[in-house]
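Below is one structure; the comments refer to it alone.
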Amino acid sequence: MRIDVVTIFPGYFDALELSLMGKARDRGLIDLHVHDLRESAHDKHRTVDDTPTGGGAGMVMKPEPWGQAIDGILADAQSAPAAEPLIIFPSPAGDVFTQAMARELATEDHLVFGCGRYEGIDQRVFDEYAERGRVRLVSIGDYVLNGGEVASIAMIEAIGRLLPGVVGNPDSLVEESHESGLLEYPSYTKPAEWRGRRVPDVLLSGNHAAIDAWRHEQSVERTRRVRPDLLGD
Ligand SMILES: O=C(OCc1ccccc1)c1cn[nH]c1
C-alpha cells in the first residue's frame, strides 16, 4: 500500500519509522511519502493560511498550496498503475473511524492523508477533489485536536497493522477488541500469583473449552458494562 501524507509538520511522522510501521516500511508493505505543505506555497513567506472570509476568529488554510500538493501526488500516482487514491482529511466533522473502516481502508492500494490545521482547510479543496477523485472526512473521536497529524498517525497504525505480513501472528488480530464486535477479555501471564493476586483458576485448568467459555463471558460482561452501545440490543 502506498500512503502519502500532506502536513506542515512532517516531523510528526517520524513516529511511523518506529517498530511495526518501521518494519512494514522496510519490508515494502507500506510505501510512505510525507510531503511538507509549505513546499507547495510559493510566496516569499510560504504562506499556507489566511483570515476567514466573512470574518471570525482564527485562520483558514489557503486552497492553492493544497491544490498543488495534492495534484503533485495524483500525478505521481498516475505513473504507478494503482487505483484512484482515496484522500482522507481528519476532521471533527467527519465519519467516525472504526475497526470496520480500518479493515475497509486496508484494502485500498493508495491512501492520501491531508492534515488540516488552524480552523481547517478552505472548503473548495474538499469540493475540488471530491469531484475529481475520492474524498473522505474522518473523525477519530468527539474531541478537537490542533491538527490532523495525530489522527492520521492513529489511522495509519490501525490500517497498517491489518495489512498481510505486518503483524507477525495474524491470529492475534482476530481476538482483539472490536474485531468480534465485543471488547477483549482480561489477559494474564506468569507468575500465577502476584502480590497475593492469583490468575483465575479456569485459565490454569488446561480445559480449553472452559477457558474459551470464560473468556467469551468476560468479553460480553465487559462490553455490557463499558460499551453497551456495541451490543446493539
Ligand atoms: O481535530 C481533529 O482533526 C484535526 C483538525 C482538522 C481540521 C481542523 C482542525 C483540526 C479531529 C478530532 N477528531 N478527529 C479528528
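Whatever order the structure lists them in is the order used to number ligands and atoms, beginning at 1. Quick caveat: nothing in here was measured; it's all calculated off a predicted structure.
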Tyr118 touching ligand 1 at heavy-atom level, < 4.0 angstrom: yes
Proximity of Ser91 to ligand 1 by residue part, where a heavy atom lies under 4.0 Å: backbone
Ligand-residue contact atoms, ligand 1 with Ser139, heavy atoms, under 4.0 Å: 13 (N), 14 (N)
CG on Asp31 to CE on Met1, rounded to 0.5 Å: 11.0 Å
Nearest-0.5 Å distance, CZ of residue Arg2 to CG of residue Leu32: 10.0 Å
Within-4.5 Å side-chain heavy-atom neighbours: Leu231 and Leu182: yes
Nearest non-hydrogen protein atom, atom 13 (N) of ligand 1: Gly141 O, 3.0 Å
Arg225/Glu221 salt bridge by N-O under 4.0 Å criterion: yes
Check: Ile140 N/O within less than 3.5 Å of ligand 1 N/O: yes
Ligand 1 N/O within reach of Ala151 N/O, cut-off under 3.5 Å: no
Residues Arg46, Asp36; criterion side chain to side chain contact (heavy atoms under 4.5 Å, CB included); working and verdict: CA-CA 11 Å; Arg46 306 212 135 193; Asp36 184 342; over 6 Å; no
Nearest non-hydrogen protein atom, atom 12 (C) of ligand 1: Tyr143 O, 2.9 Å
Donor-acceptor contact below 3.5 Å, side chain Arg222 vs main chain Glu184: yes
Proximal ligand 1 atoms for Gly120, defined as those under 4.0 Å from one of its heavy atoms: 8 (C)
Polar proximity ligand 1 side, Leu145 side, N/O cut 3.5 Å exclusive: yes
Shortest protein contact, atom 6 (C) of ligand 1 (heavy atom only): Pro90 O, 3.4 Å
Least distance between heavy atoms, Ile30 atom then Ile3 atom: CG2-CD1, 3.9 Å
